[in-house]
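Here the structure comes first, spelled out in structure tokens, and everything after it is commentary.
Hydrogens, waters and symmetry mates are skipped; everything else that's a heavy atom, side chains included, is used. Numbering of ligands and ligand atoms starts at 1, following listing order. What you are looking at is a predicted structure, and each value in this text was computed from that prediction instead of being measured.
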Amino acid sequence: MVETESGERVICHPRGKKSQVVVGDRIRWLPSQDEGTIEKIDERSNLFYRQDEMRTKSFAANLDQVLILIAAEPEFSESQLTRALIAAEAEHIKPVIALNKSDLAEPFGRAWNKLAPYRTMGYQILPLAIKPKAATVPEDSVQTRELMELLRGKKTLVLGPSGAGKSSLTNLLVPQAKVLTAEISQALNSGKHTTTSTTLYWVDEDRTTALIDSPGFQEFGLHHIEPMQLANYMPDFKAHAQDCKFYNCTHLHEPGCGVISEVKSIDHASSISANRYRLYSELFEELSQTRY
Ligand SMILES: Nc1nc2c(ncn2[C@@H]2O[C@H](COP(=O)(O)OP(=O)(O)OP(=O)(O)O)[C@@H](O)[C@H]2O)c(=O)[nH]1
Ligand SMILES: [Mg+2]
Ligand SMILES: [Zn+2]
């Protein structure tokens with residue numbers, strides 16, 4: 001689907017067999033009858049993607065920021081959050097974290113605490129109640145307005161696990177979009193993969209603020225990232241990696257490692273959580289296996 005200068009949306013077909021085009025791309029196209037042909041993709045300022053073992057999955061291009069939307073329910077995976085953050089850092093795209101479903105007080109409190117290390121390392125974290133179950137939280141809350149401020153004039157990819165409320169957010173800010181949403185499965189504590197394609201919606205009539213709704217992800221492969229670069233993309237690690245004795249320190253076993261000594265610090269609370277260090281070690285291992 002291609003949007004013209006005047007805001008019309010036209011079905012276009014890629015020239016050649018395989019489509020390289022992703023949401024957010026600027027393209028050159030030629031009309032043919034009532035549809036069109038994509039002739040050329042303009043150079044991208046960035047491309048947000050994941051790289052699983054077998055394939056590359058592009059989310060969107062030319063983004064101003066990524067909103068990682070997680071929720072009190074279903075419980076979010078810290079590993080997937082960490083991976084999404086690393087992918088954003090690697091592409092120099094600003095990530096913002098939002099925790100939805102603040103009306104579910106108890107699981108929300110737990111999830112909020114789980115996010116403490118991410119707050120400490122400098123990420124902005126917004127509490128939200130996009131579509132509260134009971135009317136305990138007004139829908140047009142201060143929080144929603146704060147979020148709107150953050151989105152204004154920008155192109156934002158909304159990313160997160162199934163059931164977090166990505167499409168509900170689209171419906172809240174773009175009521176005419178009427179995107180399909182669905183209850184999560186309580187039995188599986190997971191969403192139902194309601195959204196199956198990535199779509200850009202304009203929030204305002206002037207088309208300056210865009211939200212990109214995407215399908216919930218389960219796996220987030222980072223095979224495009226060098227293991228030695230990982231610490232650079234993790235703000236809590238980066239802060240201490242500069243103290244390492246060896247310039248090519250892996251922060252796994254070296255003597256004089258700034259990261260390890262921070263994790264093991266006894267004179268103050270470590271700014272690198274045990275969980276983050278475990279996630280780093282696992283990722284390092286995983287990303288080293290496909291290389292030699
Ligand atoms: N309790 C509560 N439920 C919410 C809130 N926001 C959204 N929901 C519900 O969460 C469920 C999932 O919302 P969706 O918007 O479909 O989630 P999604 O992230 O688009 O999921 P996928 O399309 O499967 O990736 C729906 O039943 C929503 O009504 C909230 O603030 N509180
Ligand atoms: Mg959805
Ligand atoms: Zn080190």
Side-chain angles (χ1 to χ4, degrees), residues 59 67-76 80 84 98-108 111-112 126-141 143-144 147 157-175 177-186 188-201 211-220 227-232 234 236-265 272 277 280-281 284:
F59 286 104
L67 178 70
I68 303 174
L69 185 67
I70 47 187
E73 269 180 9
E75 192 185 341
F76 72 90
Q80 304 304 357
L99 184 64
N100 188 26
K101 311 196 186 182
S102 63
D103 54 310
L104 308 176
E106 199 228 338
F108 184 88
W112 188 255
L126 268 94
L128 290 177
I130 294 167
K131 199 180 171 197
K133 268 233 170 75
T136 43
V137 191
E139 267 190 42
D140 182 31
S141 63
Q143 293 159 355
T144 313
L147 173 66
L157 169 68
V158 185
L159 187 83
S162 180
K166 301 179 294 299
S167 300
S168 302
L169 176 64
T170 306
N171 287 334
L172 177 64
L173 301 181
V174 193
K178 297 199 170 61
V179 187
L180 205 64
T181 63
E183 291 271 326
I184 62 169
S185 153
Q186 292 297 340
L188 299 172
N189 188 26
S190 74
K192 291 177 177 163
H193 294 278
T194 312
T195 305
T196 53
S197 62
T198 306
T199 310
L200 183 147
Y201 300 92
L211 263 194
I212 301 174
D213 189 12
S214 69
F217 66 82
Q218 268 172 314
E219 290 307 314
F220 204 111
M228 288 303 287
Q229 286 298 325
L230 272 180
N232 254 332
M234 300 171 74
D236 44 351
F237 278 64
K238 195 179 176 183
H240 297 283
Q242 61 204 31
D243 302 333
C244 298
K245 188 170 159 199
F246 302 110
Y247 80 96
N248 57 352
C249 187
T250 63
H251 322 303
L252 294 174
H253 49 68
E254 289 86 345
C257 169
V259 170
I260 295 174
S261 73
E262 176 66 16
V263 174
K264 291 190 173 159
S265 65
I272 300 173
Y277 189 71
Y280 170 83
S281 316
F284 195 98

N/O of [X] under 3.5 Å from N/O of ligand 1, yes or no?
{"X": "N100", "answer": "yes"}
{"X": "I130", "answer": "yes"}
{"X": "K192", "answer": "no"}
{"X": "G165", "answer": "yes"}
{"X": "D213", "answer": "no"}

Within ligand 1, which atoms have a heavy atom of [X] less than 4.0 Å away?
{"X": "G216", "result": "25 (O)"}
{"X": "T181", "result": "14 (P), 15 (O), 16 (O)"}
{"X": "H193", "result": "24 (O)"}
{"X": "A129", "result": "31 (O)"}
{"X": "A182", "result": "11 (C), 12 (C), 13 (O), 16 (O), 26 (C), 27 (O)"}

For [atom], grab the closest protein heavy atom and report residue, atom and distance to one decimal in Å.
{"atom": "atom 1 (N) of ligand 1", "result": "D103 OD2, 2.9 Å"}
{"atom": "atom 21 (O) of ligand 1", "result": "G163 N, 2.9 Å"}
{"atom": "atom 14 (P) of ligand 1", "result": "S168 OG, 3.6 Å"}
{"atom": "atom 10 (O) of ligand 1", "result": "K101 NZ, 3.0 Å"}
{"atom": "atom 24 (O) of ligand 1", "result": "S162 OG, 2.6 Å"}
{"atom": "atom 18 (P) of ligand 1", "result": "K166 N, 3.5 Å"}
{"atom": "atom 4 (C) of ligand 1", "result": "K131 O, 3.2 Å"}

Between [X] (side chain) and [Y] (backbone), is there a donor-acceptor pair under 3.5 Å?
{"X": "E254", "Y": "F246", "answer": "no"}
{"X": "K166", "Y": "P161", "answer": "yes"}
{"X": "S185", "Y": "S190", "answer": "no"}
{"X": "N100", "Y": "I70", "answer": "no"}

Side-chain contact test, heavy atoms from C-beta onward, threshold under 4.5 Å: evaluate it for [X] versus [Y] and give yes or no.
{"X": "L99", "Y": "L128", "result": "no"}
{"X": "V158", "Y": "S214", "result": "no"}
{"X": "V259", "Y": "I272", "result": "yes"}
{"X": "H193", "Y": "P215", "result": "no"}
{"X": "L147", "Y": "L67", "result": "yes"}
{"X": "L169", "Y": "L211", "result": "yes"}

*asked:* Under 2.8 Å from the Zn ion (ligand 3), can any N, O or S atom of C249 be found?
replied: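 True for C249.
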_Contact check: T194 to the Mg ion (ligand 2), N/O/S below 2.8 Å_ =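 No N, O or S atom of T194 is closer than 2.8 Å to the Mg ion (ligand 2), so no.
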*At the Mg ion (ligand 2), what's the angle from S167 OG to T195 OG1, rounded to 10 degrees?*
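Value returned, to the nearest 10°, is 90°.
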_Using every non-hydrogen atom in the two residues, find where A129 and Q143 come nearest and quote the distance to one decimal._
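The answer is N-OE1, 3.9 Å.
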*Which distance, rounded to the nearest 0.5 Å, do you find between the NZ of K192 and the CD1 of I184?*
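Taking NZ in K192 and CD1 in I184, the distance rounds to 9.0 Å.
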_Testing the 3.5 Å rule here: is there a donor-acceptor pair between the side chains of D213 and S167?_
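Judged by distance alone, the side chains do pair up.
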*For ligand 1, the portion of V179 having any non-hydrogen atom under 4.0 Å away*: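 V179 to ligand 1: no contact under 4.0 Å from either part.
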*Nearest to the Zn ion (ligand 3) - the N/O/S atom of H251, by atom name*: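 Sorting the N, O and S atoms of H251 by distance to the Zn ion (ligand 3) puts ND1 first.
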*Relative to each other, are the rings of H251 and Y280 parallel, tilted or perpendicular (30° and 60° limits)?*
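Plane angle between 30° and 60°, so tilted.
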*If you measure from each heavy atom of G191 to ligand 1, is any distance below 4.0 Å?*
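No, that is not the case, since the closest heavy atom of the residue is not under 4.0 Å from the ligand.
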